Amino acid sequence: MKSLFRALLIVSLFPGTLSFAQNTKPRMEKEPAWVIIHTPAYNNTQLDQEAEGGYVDLIFDKQVSVGKQATYYKRAIRIISESGVQNASEVSVDYDPSYSQLIFHSINVIRGGEIINKLQLSKIKTIQQESELNRHLYNGSLSSVLFLEDTRKGDIIEYSYTIKGFNPVFKGKYADMLTTSFSVPMYNLYYRILLPKERSLQIKNSLTDITYTTTSTAQENSYEWKLEKIPALHLQDRLPSWYDPYSMIMVSEYKDWKDVNDWALPLFPFGGKLSPALQKKVDEIKNADTAVDKRILAALRFVQDDVRYLGIEMGQRSHRPHHPDKVFAQRFGDCKDKSYLLCTMLRALGVDARPVLISATYRKTIGDWLPSPAVFDHVTVCVQHRDRTYWFDPTISYQRGKLRDIAYPDYQYGLVIGDSTRSLRAITPQQNKGLVDIKEEFTIPDMTGAVILVVRTTYSGAFADDVRDDFNSSSLFEMRKTFQTFYAGYFEKISIDSLTYTDDEQTGRFTTREYYTIKDFWEQDGSVKKSYFSPFVINSLLKKPKDANRTMPFYINYPARYHEEVIVNLPEDWSFSDLMEEMKCAAFSMRAHAVYGGRKLKLKYEYESLKDHVLPGEATAFFKEYKSFEDNVSYVLSKSDAAEALASSPEQKKTGTNTGFIIIAVLLISGLILWWTQRR
């Protein structure tokens, strides 16, 4: 379900927040006087058939008083089945006790017109769940939970609360994103913002034409939005991460991206004296080599490999990095900590380095959003050296090679924090994006025994980073199992004999060598023995979405640049005609080349994705080339003692002479997505 609380992110705060100790337990009060109370009719069932989880949302009400530093919520759901009793019989509210206080106003169960009061503070449990620990992030947030007793089908659960106190890191600036569509139906949606009279608010719609009403008092302007009977928005499969089909209202006090830059500048102060320990490390790098390129690499590798990723993000630390001296001493930090440390070290080495605010999720689409710190979820580093721009992500470990070999993810847009920054910057890294070069060689000694498969794969750029990280974080036993599992999707009785690798730190290339034995290599089909060959790795990259009639873009692996050669050493002569196929559309290009000679069949493939998505208008061309891919790049090697029996087979597309035949056949195995194609 699309979170109904998508926007709690950015609010203003003035000095004088409550202490942490006071805020750890919720309080109980009446609804604030500034709130407009809405209690719509709950008897409409028109959208119930679209509900999920056995319950339906009746109202979501969010009202913000910027001047009072408070956000009021009211929510009501109706339980429509027994599964809803299981899934929705609790009230849970998250908040950050370092700067905010939770105040409950009501928790009611409405049954047959009777209102049953369930608000008892003694029964509310406050726990610290830390849901992001699996991502090595600790934010100190609390959850106050009430497990409702005697909940039944048909009950309406209605509750309201206020969270007082806004994150002080934003220094009085307010911005928010108000979602107006969800993956589940919503009967009533209401938003209201109260803003002090002297302040102004930018408002921009995305994928909605909803209008707002304004009212004014001597002290405040009020902005209100109302929607009713919002149907569920059903998503298609394989959407790109940056594509957000949910409509929303953006509001922001930030005038432009310079305003956001000016907010961020004090978070990353430079020019102070380094601690003796950090200064010593900088001097070690400086004295180890006079070449600036190598100094940059040494600092980058230290921050990437020796400072582990761990974020303690309570309160202002959600956006304010820890001091570089502290990050260096404790040897851990999150993206902003590691980027700040790297910039500090590089500047001490005389290199121009600046932090970059990134949206790793929404990427280039942020260019169409209102300016706001809420846009960003990541921090990286921009370096100017010898009239060239380099982009580094200090959260990536084990990057090797020269400066031009250091890969940078396809983040597309960023805000480079600096005195002269006025706008977002398009990011087009000049560094090597990398290549995966695979050579799979089958040796078939005869038509009955085991077959030997030797695979040599050379990775460069980002691909080398990923596989190097896997080898550093997993045992060789685990890696052998992972490699074998992939090829077991093609050959059932395959066993891995050995796995070795070499890592060239100078070029950044990482090479693996796999050795397999395949038993029962031939598939018996009557009197015919068959075995199938295809671009095994490339097959795992190119995926067809389940929803073929597209109204939304679909994702394809990007960047993806693969060369794959399949060599088959045959036990006797076979007859075969050379083949060349080329496929290209807006999303990918591929060449397939087959040659035969000297009892050796060579299948060569070159594949490259051209972007990370296919637009609805490009889908027809994609599916056409995809079918060409299915029909023309996979082969079946067949042999029969009776040639006439094979000649009548409906599977045959090409026949050979003597005792063997090579046939072009349709084969695409959709099994496992190869582990080394997964990006950070």
Side-chain angles (χ1 to χ4, degrees), residues 235-243 360-365 393 396 407-412 427-429 431-438 440 455 457-470 482-483 485-487 489-490 510 512 534-548 550 552-565 582-592 605-616 618-619 621-630 633-634 667-680:
L235 305 186
Q236 294 187 309
D237 67 320
R238 294 182 60 81
L239 296 177
S241 68
W242 49 261
Y243 176 71
T361 302
Y362 293 105
R363 306 196 176 194
K364 64 182 179 183
T365 59
D393 189 335
I396 300 175
Y408 185 79
D410 184 38
Y411 292 138
Q412 301 174 351
I427 300 175
T428 53
Q431 294 115 291
N432 180 17
K433 294 182 179 179
L435 170 72
V436 180
D437 186 26
I438 310 120
E440 295 149 319
V455 182
T457 308
T458 300
Y459 308 83
S460 61
F463 305 104
D465 299 340
D466 291 340
V467 71
R468 184 182 293 111
D469 182 67
D470 282 317
T482 300
F483 277 77
T485 298
F486 174 76
Y487 282 105
Y490 296 92
F510 194 97
T512 60
S534 67
F536 303 103
V537 176
I538 294 174
N539 270 350
S540 68
L541 299 172
L542 198 56
K543 298 295 179 183
K544 183 178 180 180
K546 295 177 183 177
D547 298 317
R550 303 300 297 194
M552 301 176 182
F554 61 89
Y555 168 80
I556 63 173
N557 284 346
Y558 179 86
R561 194 159 69 98
Y562 286 72
H563 293 174
E564 187 167 3
E565 182 178 17
E582 292 192 21
M583 291 145 273
K584 187 171 184 178
C585 63
F588 74 91
S589 65
M590 182 167 175
R591 298 178 62 196
Y605 306 92
E606 296 180 8
Y607 170 84
E608 182 174 7
S609 58
L610 305 178
K611 56 181 182 176
D612 67 355
H613 66 284
V614 177
L615 294 171
E618 300 167 339
F622 173 86
F623 293 137
K624 177 183 177 182
E625 295 305 320
Y626 184 91
K627 187 169 190 311
S628 178
F629 171 85
E630 286 184 308
V633 302
S634 298
L667 175 66
L668 180 64
I669 299 177
S670 62
L672 303 171
I673 295 179
L674 191 59
W675 61 268
W676 61 76
T677 68
Q678 299 305 306
R679 300 311 309 271
R680 182 165 305 277

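Since the model is a prediction, treat every value here as computed from it, not as a measurement.
Cys585 and Ala621 make their closest contact through CB-O, 4.2 Å (heavy atoms, listed as atom of the first residue, atom of the second, distance). Smallest separation of non-hydrogen atoms from Asn557 and Ser609: O-OG, 2.8 Å. Scanning both residues, Gly461 and Ala407, for their nearest heavy atoms gives C-CB, 3.9 Å. Across all non-hydrogen atoms, the minimal contact from Arg363 to Gln412 is CB-OE1, 3.2 Å. Residues Pro553 and Pro240 share a closest heavy-atom pair of O-CD, 3.5 Å. Smallest separation of non-hydrogen atoms from Leu542 and Tyr607: CD1-OH, 3.5 Å.
Judged by the 6.0 Å and 45° rule, Lys544 forms a cation-pi pair with Phe623.
Every residue two or more places apart in sequence or in another chain was checked for a salt bridge (Lys or Arg N to Asp or Glu O under 4.0 Å) with Asp612, and none qualifies. With sequence neighbours excluded, the residues forming a ring pair (Phe, Tyr, Trp, His ring centres under 6.0 Å) with His613 are Trp242, listed by chain and number.
Between the CG atom of Leu235 and the CG atom of Asp547 there is a distance of 10.0 Å, given to the nearest 0.5 Å. Taking CD of Glu582 as the reference point, atom CD of Glu606 lies at 9.0 Å (rounded to 0.5 Å). Here the straight-line distance linking atom CE of Met583 with atom NZ of Lys627 works out to 12.5 Å at 0.5 Å rounding. Once rounded to the nearest 0.5 Å, the distance linking CD of Glu630 with OG of Ser534 reads 11.5 Å. For the atom pair Gln236 CD and Lys546 NZ, the distance stands at 13.0 Å (nearest 0.5 Å).
Screening Phe483, Phe486, Tyr490, Tyr562 for a ring-ring contact (aromatic ring centres under 6.0 Å, His included) with Phe536, the sole residue that qualifies is Tyr490. Paired with Tyr459 under the rule side chain to side chain contact (heavy atoms under 4.5 Å, CB included), one option of Asp465, Thr512, Leu435 passes, and it is Thr512.
Formation of a donor-acceptor pair under 3.5 Å by the Asp437 side chain with backbone atoms of Thr458 is not found in this model. With hydrogens and angles ignored, the 3.5 Å screen pairs no side-chain donor or acceptor of Glu618 with any backbone N or O of Ala587. Thr457 places no side-chain N or O within donor-acceptor distance of the main-chain N or O of Ile438, the cut-off being under 3.5 Å. Put simply, the side chain of Tyr605 gets close to the backbone of Val633: a donor and an acceptor are under 3.5 Å apart. Of the possible donor and acceptor atoms, one in the side chain of Arg238 sits under 3.5 Å from a partner among the backbone N and O of Tyr555.
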Might you work through the side-chain contact (heavy atoms from CB on, under 4.5 Å) test for Phe629 and Asn539, ending with a clear yes or no?
CA-CA 9 Å; Phe629 171 85; Asn539 270 350; 3.3 Å; yes
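In this structure, Tyr411 and Tyr408 have perpendicular ring planes: the angle between them is above 60°, well past the 30° mark.
Phe554 and Phe622 have their aromatic ring centers within a separation under 6.0 angstrom. Residues Phe463 and Phe510 place their aromatic rings such that the two centres sit no closer than 6.0 Å.
Salt bridge status for Arg550 with Asp237: present, with a side-chain N to carboxylate O gap under 4.0 Å.
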